[in-house]
Each structure stands twice: as structure tokens, then as C-alpha cells.
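Let me begin by presenting the structure, written as C-alpha cells, before commenting on it.
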Amino acid sequence: MVNFREEIANILEDKLNKDQQVMTREEIESVIEVPPNAEMGDYAFPVFSLAKIFRKNPAIIAKEVADSISSEYFEKVESKSAYINFYINKLKLASEILNEIKEKQEDFGKPGIGEGKNVVVEYSSPNIAKPFHIGHIRSTVIGDSIKRIYNFLGYNTISYNHLGDYGTQFGMLIVAIKKWGDKEVIMNNPIPELLKLYVKINTEVELDPQLRDECRNWFARLENKDEEALELWQWIRDVSLMEFNKVYKLLDIEYDTFKGESFYSDYMPAEVEQLERSGALVQSEGAKIVDLSKYDLPPALIIKSDGSTIYITRDIAAAHYRHTEHKPYRNIYVVGSQQILHFQQLKGILKEMGYDWSDEVVHVPFGMVALEEGTLSTRKGRVVYLEDVLNKSVEKVKEILTKREEEKGEEIENKEELAAQVGIGAVKFQELFNQRIKDYVFSWDKTLSFEGETGPYVQYVHARICSLLEKGGFDINNEIDPSLLKSDEEYSILRTLYNFTDVVVDAHEKYEPYFITRYTVELARAFNRYYNHTQIIIEDELLKNTRLMLCYAVKNVIKEGLGLLGIASPEKM
Ligand code: ARG
């Protein structure tokens, strides 16, 4: 598809540098902007910086350059004070978009810029034996969307779930299970039961130092691969993962690997050696730390005084493993903003170790979720299980559908499937609607309201277009005439469709799925305005088929956009 920005850069590169090189191509590209309103054109180029070079008033420069431009891509090039404003040739835009959709169909707008590059995306990474609560939905859904966005752009992604399945707390849990646990009871309700045991052992060790030693002992046995310890730990991991997998299934989210923290325990000795060798590791009160004052960061504790390694040590090993395994262009961690320091330290340590690939590590943080009654706290029992949120949303959609069945007196096919697609989609859409760094307060009312700018609204527009295409007998091979698309509503849709690729590219550069969420709303809105204003199924075959082709493009792009958010696009609603 023609790139209008590039065309402008071509033209200006030629015009401005006629007698002498005044601006490089990169400089020109970086100055081109999109004006705040359409009356000022589709693109604008300010010439302030040229006044000195040409020794002329900027408005005069703008006028002279604008007057000298004639291009098939722009129907008008005008100067307004110091700006050169470019108005896209509408016919050109219409034929570009319609040809692209005809030719590429489902692949409309895919630029393939990531071809040949690996990208690791880590997301969700809950701690086993702990609740999978709404605090985890963010990492899970944002990470999954980032993975889909990278895939769309042609990158080869590898998704990791870095399960929290290692650490001294498992010594405690093993002791608690051995003392008070009943496997049968746990099996029936794994996470809440394991949580109860964990809370109990935490209280007990406070009172009984000997018990604490016993827990330490069991963790040491686990580290030394003692059979009994390993078996119990494996069991805890298996039942937890079984629970988590229910949620991933509901969410339709998959992983390439569940290599959790425990996986890296075998890789840690080599990292500790490298830390020693590079001179980064220093003794401090019996423990071993890395000094990071060079980076303006507090020192990082690597090995505790009792010799045990910790969370960050496993992350060093994990980063190195991913590097060796995938040689990624980016190694992305979608983890909450509470861990910003952790990842800054991790990068600092990797640098100190002499790993020249440390810049591939990218932390993508997001804000916290709180409950109306306060921060989430598993200890205090303030948890909302993610599974409950998802199930409730699906239930609510089902109720709405049942009511509709009663009103219409006819059954909805695939009611279950549809309820899942809409209910889960609504939760995801809301989750991905704002800039990720913003904190928010979870509210049942808001989550279960489907009014306004919501997933169901966008899905509905998609379904409406599907039935419109069917009713109009749409066929991709029908003859069309792009020059018939002349109305403002049509132009606004064409412009929005044209922006799709740029929006996805921006979303991937800034790791912000909400660019796409907002975009799907904008496109759905533009379509609704069109639909309310224009009769699409009409006598005139050529005009009808051209309009249907435009509708088809909107449908595909909405579907693709929702797909990038991990949301399904049902054809009937
Ligand atoms: N398990 C951790 C938690 O629940 C998140 C892990 C993040 N990933 C990482 N590589 N450190 O807080």
C-alpha cells in the first residue's frame, strides 16, 4: 500500500535539497506531523527550522514550496503560515485500501517488519499454591496481547510462564502438608486448601523456632533433590497448575513453556561462578551482593547468609537461558510496577557480569489493581478469584441471551460458545482499555456493564457487518469502483483503515495494547455513523458492491484488532 508519509518525504527531500543539502531524509520524516484537525490536512510539515538557512520568512518558504508541489498522491498542497499542509487524494486512498483488502483479505495491513526475529514474551507467572486472583489478570491479558501484536507484525514469539514454583516457602508448605494436610481434601479444592495450610504454618513458625528450622531443612532437602521432598513439591505444582490451566483455558491463552523458577536452579551455580569471575560479587555481612551504585540503584542481594539463592538469582539464570536458547530481539517481561526496581537491578547485574546482550531485557510494567475495600491481600482474605470474575461475566451474558430467546421465541445457536466469547471478551476489553501503567480499582458493576465503549459493542458491530454482507450477497470477486466512495463518512472510514498498521506498529513499540482497543472503538464508531447515514444494500449493483467491499474491510480489521487483544469476533450476536 502507498505510504503517504514516505511520499511526502520523497517530495520534500527533492524540493528542499535542490541547491544544497538542507535536511536529511530522517530529519524530514521526523518533522512530518498529523494536524489536530482535518481542515488542516492529513499531514503537515512545519518549516520554521528552514528560515535561517534560506534567510526568508517561514510563511514565504512554506508558500513557495507548497506552490511548487504537484503530486498524484495529494489532491491539494497548501501553505498556512509556516506549515505546508498535505491533503490526501481521496480517490487514490480509496483504491489503495480496496485493492489491498481484495488482494490480502485476512492479511490486510500486515507489514511483516519482524520477519526473522525472535521475541520472548513472559506473562502471568503466578506463584503456585497461591490464588490466581484479579491482580494476575493484568499481566496475563496484557502479555498475551503483546505476544499477538508481535506475531501480527511477523515476529516469531516464544511465550514463557515463569511460575513461582521455588523458594523457601515450599519448605514450609511441605512441612504443613506433612503435619496437617489431607491430600483428598486438598485435591477437592486445591488453592484455598493450600493457602490455608500456608497461612497456618506462617503463624506457627512465629511461635516455634524449631519448626522454622524444620521448614528450612525441608527446603534444603528439596534443593538437594531428596525424593520425598521432590515428590511433594511436584504434587503441589501439578495440582496448582491444573487450577491455573482452567483459567488459561477460559481465557483462551496459551504458552510455549511453563518453565518456572525451579527450572533454573540447575543453572544457578554457573551464574554464581560468572558473578565471582567478573568481580561483581562482594561479601557483605555474610551475604553476597552486587554493588549497583554506578547505576544509582541499591545493592542487590544475590546469596543469603545461609547460602540460599533468591528470586533475582533465578532471574539471572532465566535471562541467560532465554538468551542462549532464542537469541531474542527482545526478551519482554510483563510484570507489575512493584517490580520496577527488581528489573532495573537485574539489568544492572547482567551488565556487571559482562553480558553484552543485557539490553534485550525489557520490563513492561503495569499499575496495580485494588478492591473497593482495600488492596488485595491473600493473607487477609481480600481476594477476588479470577475464575469467579470470568464465570460471572459469562453467566451474565447467558442471562441476557436467554431473555432475548424468550422475547423472540427462538433459540440462539451456540448460546454457550457465544456467551463465553462475549463474557470473556468484555473482561479482556476493559482490562486493555487504558494505559497499562494506571492503577485501578476493581468493580463488579463496571466489569459487568456492557454499555458504552466495551468489547460487546465492538463485537456487535462486527456481527452486524457479517449479516449485512450476507444479505447483500457480498463476493470478494465482484466488480467495484473505488471512485464512488465520496462521502465524508466513507472517507473517515478509509482514513481509519489506513491507520491500522501504524497503530499496531506503535502499540508494539510502546508495548501498549490499549492503542488497539481504542482504535477498534474508533473504527466501530466510524462504521456506525456510515451505516446510519447511508443505505448500503441498493439497486445500483456497482455502488452496492463497492460499499460492501468497504464494509468487508471494516469487518476484517475489527476482527483482526479484537484478535490482537485476544478477543473473539462472533459472526452472529
Ligand atoms: N511470580 C512473580 C509474582 O507473582 C512474578 C514473576 C515475574 N517474572 C520474573 N521473571 N521475575 O510476583
Side-chain angles (χ1 to χ4, degrees), residues 119-144 146-147 157-170 173 191 194-195 198 233 236-237 240-241 243-244 247-248 253 255-265 267-268 271 300-302 309-326 328 330-350 355 357-358 360-370 375-379 383-386 436 439 511:
V119 168
V120 172
V121 191
E122 185 215 291
Y123 49 99
S124 200
S125 309
N127 297 325
I128 63 168
K130 293 256 181 78
F132 196 3
H133 55 69
I134 48 153
H136 294 113
I137 191 176
R138 309 216 67 195
S139 169
T140 311
V141 171
I142 295 169
D144 177 60
I146 290 177
K147 176 183 84 172
T157 60
I158 309 106
S159 50
Y160 273 71
N161 191 323
H162 190 75
L163 286 178
D165 61 1
Y166 212 63
T168 45
Q169 69 272 29
F170 292 100
L173 208 49
I191 305 292
L194 288 170
L195 183 62
Y198 185 61
W233 168 83
I236 300 168
R237 192 182 192 273
S240 303
L241 201 49
E243 290 301 296
F244 298 163
V247 182
Y248 294 133
I253 283 179
Y255 285 94
D256 293 312
T257 170
F258 281 87
K259 288 189 178 70
E261 291 185 41
S262 65
F263 175 82
Y264 303 100
S265 61
Y267 293 82
M268 279 190 297
E271 298 304 335
L301 175 63
I302 306 285
T309 57
I310 58 169
Y311 182 56
I312 200 161
T313 331
R314 293 187 279 280
D315 259 327
I316 297 169
H320 195 183
Y321 178 86
R322 291 174 197 178
H323 173 76
T324 314
E325 219 35 34
H326 311 295
R330 295 264 191 288
N331 173 15
I332 299 169
Y333 296 78
V334 184
V335 182
S337 54
Q338 306 95 309
Q339 296 194 33
I340 288 178
L341 176 61
H342 168 80
F343 283 101
Q344 287 173 335
Q345 288 182 315
L346 176 63
K347 284 186 82 160
I349 296 168
L350 296 174
Y355 292 147
W357 43 265
S358 64
E360 76 195 23
V361 170
V362 178
H363 177 211
V364 174
F366 52 83
M368 282 198 285
V369 190
T375 48
L376 286 168
S377 163
T378 27
R379 294 261 176 98
V383 269
V384 174
Y385 282 81
L386 185 50
R436 60 182 154 70
D439 293 343
Y511 312 100

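Both backbone and side-chain heavy atoms feed into the values below; hydrogens, waters and symmetry mates do not. First listed ligand is number 1; within each ligand, the first listed atom is number 1.
- Looking at R314 and E261, a side-chain N of the basic residue comes within less than 4.0 Å of a carboxylate O on the acidic one, giving a salt bridge.
- You'll find the side chain of Y511 stays beyond 4.5 Å of the side chain of H363, heavy atoms only.
- The side-chain heavy atoms of T140 and I253, taken from C-beta on, include a pair separated by under 4.5 Å.
- Residues that satisfy the ring pair (Phe, Tyr, Trp, His ring centres under 6.0 Å) test with Y321, not counting sequence neighbours, are F263, Y264, Y267.
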Name each donor-acceptor pair under 3.5 Å that joins a side chain in residues 337-344 to protein atoms two or more places apart or in another chain, with its distance.
residue, atom, partner, partner atom, Å
S337, OG, F366, O, 3.2
Q339, OE1, Y311, OH, 2.6
H342, NE2, D315, OD2, 2.7

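- The ring pair (Phe, Tyr, Trp, His ring centres under 6.0 Å) test applied to F132 returns H136, F244, Y248, not counting sequence neighbours.
- A distance limit of 4.0 angstrom between heavy atoms and ligand 1 selects the residues E122, S125, N127, H162, Y311, D315, Y333, V335, Q339, F343.
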